[in-house]
Every structure is written in structure tokens, then in C-alpha cells.
Enquirer: 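One structure follows; several queries about it will come next.
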Amino acid sequence: MYYISTRGQAERLGFADVLLEGLAPDGGLYVPESWPSFTAAEIAGFAGMSYAEVATEVISRFTGDDIPRDVFAGMCEDAYASFSHRVVVPLSQTTGEDWILELFHGPTLAFKDVAMQLLGRLFDHVLAERGERLTIVGATSGDTGGAAIEALKGSANVDVFILHPHGRISEVQRRLMTCVEEENIHNIAIEGSFDDCQAMVKEMFADKPFREEMRLGAINSINWARIVAQSVYYFTSAVALGGPGRALSYCVPTGNFGDIFAAYVARQMGLPIETLCIATNENDILARTLAEGAYEPRGVAQTISPSMDIQVSSNFERLLFEASGRDAEAVRAMMANLKQAGRFDVAGGILETIRALFIAERSTETETAAMIREVFETTGAVIDPHTAVGLVATGKARHGGRLSGPVVTLATAHAAKFPDAVKQACGIYPDLPKQLSDLYQRTEKLTVLPLDQQQVQRFVASFVRKD
Ligand SMILES: *Cc1c(COP(=O)(O)O)cnc(C)c1O
């Protein structure tokens with residue numbers, strides 16, 4: 001199995017290289033050269049398997065010969081044993097044909113754990129095999145940093161430096177990153193904004209001598225391995241609800257378009273999916289793109305669903321590549337326009353192809369809060385704001401006749417991760433699950449640094465373990 005770049009100007013690579021590279025050198029994103037597929041009978045056969053077993057089946061179609069199958073099966077077992085729910089990602093029914101897929105039972109209470117728990121193990125395996133080490137540097141506005149730290153703490157081959165904006169993330173989000181004792185984990189609180197943190201990380205990657213000496217690596221959401229790990233729960237949920245015999249629709253709270261693209265991957269592999277609904281908050285670039293055929297980022301608005309406060313939805317490039325019939329030249333032209341003019345038009349044919357499978361719905365702040373309250377009042381369940389955005393979108397699409405039949409809405413985070421917004425919406429302050437009940441008593445480890453590139457790079461250099 002080989003991977004090619006959406007911009008068509010990078011060498012094709014195998015799975016392990018793509019895992020370590022992240023972004024292709026031509027600026028594009030890696031996609032498989034061709035789609036592996038399952039027959040309906042093979043998918044039906046997933047019904048009797050554990051989550052880890054289905055993960056092994058699905059993901060090993062993408063790993064090629066890079067990782068021996070029994071080793072990989074062991075990694076999946078370990079990764080999903082870290083989840084607090086017996087079935088890893090349980091479904092719950094809300095009304096007649098509406099279901100919620102709970103993706104927040106991992107160690108840091110958001111769906112990012114599903115991919116990251118496996119990625120940590122994949123990194124360790126590949127690096128040990130090659131006798132290499134890596135320094136992960138990343139900026140986080142919330143969930144990715146915690147999931148990465150949890151997955152990589154104690155790794156022999158990886159040092160992790162996560163930058164977050166000092167004083168600008170929730171206490172639960174911060175403590176899920178900083179209450180970690182392992183010596184390979186370093187939290188840096190930057191006296192600046194999330195954008196400042198991200199700019200600093202970009203600078204480090206652009207500093208070639210520094211990048212090479214530190215052997216910098218990234219784990220951001222364009223990493224192919226993260227996408228493919230997320231495609232697994234579309235299979236398990238569909239099979240639990242009668243698939244592949246009946247086609248379902250999914251509604252996915254969307255930011256960087258990674259999670260919903262994972263649904264597309266499952267569909268390419270043979271899973272019958274009727275419609276994919278992109279749920280956005282007030283940062284509605286994707287809803288506008290589908291409606292108007294123009295991709296046009298605007299300023300980011302701060303919302304109570306901060307993990308979706310994104311204006312450039314990176315993984316959308318993968319869908320553009322697919323919908324254009326894998327026309328790398330067309331993708332290059334669109335991305336060049338984005339860089340030069342800050343926008344691009346999506347050609348008619350591409351737009352029609354996208355619209356044949358995808359719809360998009362937007363939730364305002366008021367609607368999101370009202371949904372948290374409504375769910376609490378009608379069912380007693382306390383949901384998080386990202387999940388609420390999804391439920392608003394599902395409701396609007398059903399009402400408008402754009403969704404029908406069984407619909408699964410993804411619950412991407414646990415309410416306790418966003419307690420203030422939830423309390424404000426429904427009056428209940430959600431408790432942390434019992435395995436984290438002492439989080440507020442744990443000792444934090446973090447370093448506050450000023451907005452000074454050289455000082456941050458010196459800090460990284462002084463703590464990286466040299467071999
Ligand atoms: C990351 C995240 C999202 C958005 O997922 P994408 O893959 O970026 O579209 C939604 N909800 C939560 C809680 C997240 O952490």
C-alpha cells in the first residue's frame with residue numbers, strides 16, 4: 001500500500017513513512033493510491049468482533065507490510081483497553097431513528113483519544129524498529145494536546161512539547177495535559193494567544209537546522225494515520241444498527257474535516273452511507289462553501305464549542321482531491337488561489353459530486369445552548385457543546401427533509417470537559433468520570449514562557465533527550 005500527495009508532486013511513500021512525515025513535502029496531504037475494500041459479507045462479519053478486532057481488520061488494510069499483523073493486533077488491544085467503556089464507543093438512542101455515538105470514553109474525554117492512543121503505539125513501534133527518535137512539537141487550543149500527551153507519556157523514543165496559550169484554556173483541559181509526571185512530557189504555557197502558539201510551532205519547523213537537529217515531528221490532524229483510525233467506529237456503529245444491510249446517515253461536528261473524512265473513507269471501503277452531514281458552529285466556512293461554491297475563510301469567532309473554532313479546514317483538501325476525480329493540478333490551483341487571494345471557487349462538477357453525499361448545517365451559540373438544555377430536560381442526559389452542535393444540525397436537516405431514516409450523531413467530547421458552558425446552558429455542573437475524580441488534586445507540571453521564539457527553542461533544545 002502506497003500513499004500519494006493531493007498535490008501530485010511528492011514521491012509516493014509507505015504507511016510508516018507517511019505516519020512520521022505528516023504533511024507531504026509539496027504541501028499536500030497523503031491519501032492511499034487506491035482504496036482497499038470489504039465485501040458486504042466481510043462487513044457483516046464484524047458483528048461478532050470486539051472493537052480492537054474490527055480496528056485490526058480495517059486499519060491493517062492500510063498499513064501494508066510495514067507492521068506485522070500480530071504486532072498490530074496487540075497495539076489495537078492495548079490502545080482500546082485504555083477506554084473506560086466496555087464496548088469502547090457505545091451507541092445510545094435518543095428518539096425513534098436518532099442515535100448518538102459516544103466517542104468520549106478515552107483517557108482525555110474527547111474523540112481525539114481514539115486515534116491518538118493508537119498513534120502513540122505506532123510511533124513507538126516504527127521508531128524502535130528504525131532505531132530513531134522524534135521530538136513532537138505541537139500547539140493546542142484544547143483537546144489534541146491532551147490526547148497526544150496521554151498517548152506518548154513514558155515513550156522511550158519520543159519527547160513531547162505542547163504549547164498552549166497561558167490562561168486561555170479551561171482548567172480541565174489544562175490539567176489533562178499538565179498533571180503528567182513522565183519526564184518526556186513538557187507543557188509550555190505561552191504568554192500569548194493560540195494563534196501565537198501555532199505561529200511559533202510553524203517557525204520551528206521552518207528553521208531547518210533546528211528541525212533536523214531536534215528531529216521534529218508533528219501529530220496534527222492532517223496525519224493520515226489519525227484519519228484511518230477514526231474510520232473504524234463508522235463500521236462498528238453501522239454494524240450494530242443493522243448494517244451493511246441498511247444504509248445510515250451520520251452527522252459529524254466538524255472543525256478540520258478529519259472526523260467526517262474518516263466517514264468518507266469507510267464509505268470508499270464499502271460501508272453503505274446515505275448522507276454525511278457536516279455540523280458547524282458559527283465558524284461556518286464549510287456550510288458556506290457547500291451553499292455558495294466558494295471557499296472563503298473569515299475571522300475565527302470564539303464559541304462554546306472551541307474545538308471547532310477553525311477557519312481553515314485542512315482535511316477538506318482530501319475531499320477536493322477525491323471529488324475532482326483525483327485531479328492534483330486542480331487541487332494545486334485551488335490552494336494557490338487560497339494563498340494568493342484568500343479564497344477559491346469550487347468548480348461546478350466538483351461541487352455537484354460533493355453535494356451528492358454531503359450536506360452542511362450550522363448551529364448558532366443560542367441554538368447550541370438551547371439544545372444542551374433541551375436534552376437535559378427531556379432525557380436527563382448532560383451533553384457537551386460540540387455534541388449539541390451536532391444534534392442541532394441533525395434536527396435542522398431532518399426538519400428540512402435533507403436527512404431521513406436512521407441518523408447517527410457523533411458525541412465528540414464529554415460534558416465534564418466544558419463544565420462552565422454546560423452549567424450555563426442547563427444549570428448542571430457535570431462531574432468528571434470516576435477515573436479522573438482526583439484531577440483537581442493532582443500536581444501540575446508546566447513552564448510559563450514569554451512570546452519569544454528563541455527562548456522557546458532554547459527550552460526545547462535543553463530538554464530533548466539526545467541519543
Ligand atoms: C477536534 C474536535 C472536533 C472537530 O473534529 P475535526 O476532525 O477537526 O473535524 C469536534 N469536537 C471535538 C470535541 C474535538 O476535539
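Note that ligands are numbered from 1 as they come in the structure, with each ligand's atoms numbered from 1 the same way. Starting from 1, each residue takes its place in the sequence as its number.
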Enquirer: Distance to 0.1 Å, residue and atom name: give those for the protein heavy atom nearest to atom 4 (C) of ligand 1.
Expert: G255 N, 3.5 Å

Enquirer: At less than 4.0 angstrom from any non-hydrogen atom of A413, what atoms of ligand 1 do you find?
Expert: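 Taking each heavy atom of A413 in turn, ligand 1 has 13 (C) under 4.0 Å.
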
Enquirer: In terms of ring plane angle, is the pair W35 and Y264 parallel, tilted or perpendicular, where the classes change at 30° and 60°?
Expert: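 Geometry flag for Y264 against W35: perpendicular rings.
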
Enquirer: Between F235 and F38, is a side-chain contact (heavy atoms from CB on, under 4.5 Å) present by the stated rule, with each step listed?
Expert: CA-CA 11 Å; F235 284 98; F38 290 113; 4.1 Å; yes

Enquirer: I need the atoms of ligand 1 closer than 4.0 Å to a non-hydrogen atom of T254, numbered in the order shown.
Expert: 9 (O)

Enquirer: Would you say A110 and ligand 1 have an N/O pair spaced under 3.5 Å apart?
Expert: no

Enquirer: List ligand 1 atoms under 4.0 Å from M308, heavy atoms only on the residue side.
Expert: 10 (C)

Enquirer: Under a 4.0 angstrom heavy-atom cut-off, which atoms of ligand 1 come close to P253?
Expert: 4 (C), 10 (C)

Enquirer: Please classify the K112 to ligand 1 contact at 4.0 Å (heavy-atom distances, strictly less than): side chain, backbone, both or neither.
Expert: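 Near ligand 1, K112 shows its side chain, while the N, CA, C and O stay back.
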
Enquirer: side-chain contact (heavy atoms from CB on, under 4.5 Å) with K112: which of T412, D143, D259?
Expert: D143

Enquirer: Under a 4.0 angstrom heavy-atom cut-off, which atoms of ligand 1 come close to D259?
Expert: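 Under 4.0 Å from D259, ligand 1 has these atoms: 7 (O).
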
Enquirer: Which bit of F257 gets closer than 4.0 Å to ligand 1, counting heavy atoms only: side chain, backbone, both or neither?
Expert: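 It is the backbone that gets close, since no side chain atom is under 4.0 Å.
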
Enquirer: Tell me whether ligand 1 is touched by F111 - counting only heavy atoms on the residue side and a distance under 4.0 Å.
Expert: yes

Enquirer: Just heavy atoms, cut-off under 4.0 Å: does D143 contact ligand 1 by side chain, backbone, both, or neither?
Expert: side chain

Enquirer: Parallel, tilted or perpendicular: which one describes the rings of F161 and H186, with boundaries at 30° and 60°?
Expert: parallel

Enquirer: Between Q230, H386, E102, H414, which is the residue that forms a side-chain contact (heavy atoms from CB on, under 4.5 Å) with F111?
Expert: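 Exactly one candidate clears the test, Q230.
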
Enquirer: Starting from atom 8 (O) of ligand 1, locate the nearest protein heavy atom and write down its residue, its atom name and how far away it is, to 0.1 Å.
Expert: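 Here the nearest protein heavy atom works out to N256 N, 2.7 Å.
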
Enquirer: For L391, which of I100, D98, I372 qualifies under side-chain contact (heavy atoms from CB on, under 4.5 Å)?
Expert: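 Only match with L391 under side-chain contact (heavy atoms from CB on, under 4.5 Å): I100.
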
Enquirer: Near T412, which atoms of ligand 1 are under 4.0 Å from a heavy atom of that residue?
Expert: 10 (C), 11 (N), 12 (C), 13 (C)

Enquirer: Should K445 and E181 be marked as a salt bridge (Lys or Arg N to Asp or Glu O under 4.0 Å) after you check the CA-CA gap, both sets of side-chain angles, and the distance that decides it?
Expert: CA-CA 7 Å; K445 194 179 93 175; E181 288 162 10; over 6 Å; no

Enquirer: Check the angle between the aromatic planes of F257 and F316 and answer parallel, tilted or perpendicular using the 30° and 60° thresholds.
Expert: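 The rings of F257 and F316 stand perpendicular, inter-plane angle above 60°.
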
Enquirer: Report, in ascending order of atom number, the atoms of ligand 1 lying under 4.0 Å from any heavy atom of G258.
Expert: 6 (P), 7 (O), 9 (O)

Enquirer: Answer yes or no: is there a donor N or O on one side and an acceptor on the other, between the side chain of E365 and the main chain of I304, under 3.5 Å?
Expert: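 At least one qualifying donor-acceptor pair exists.
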
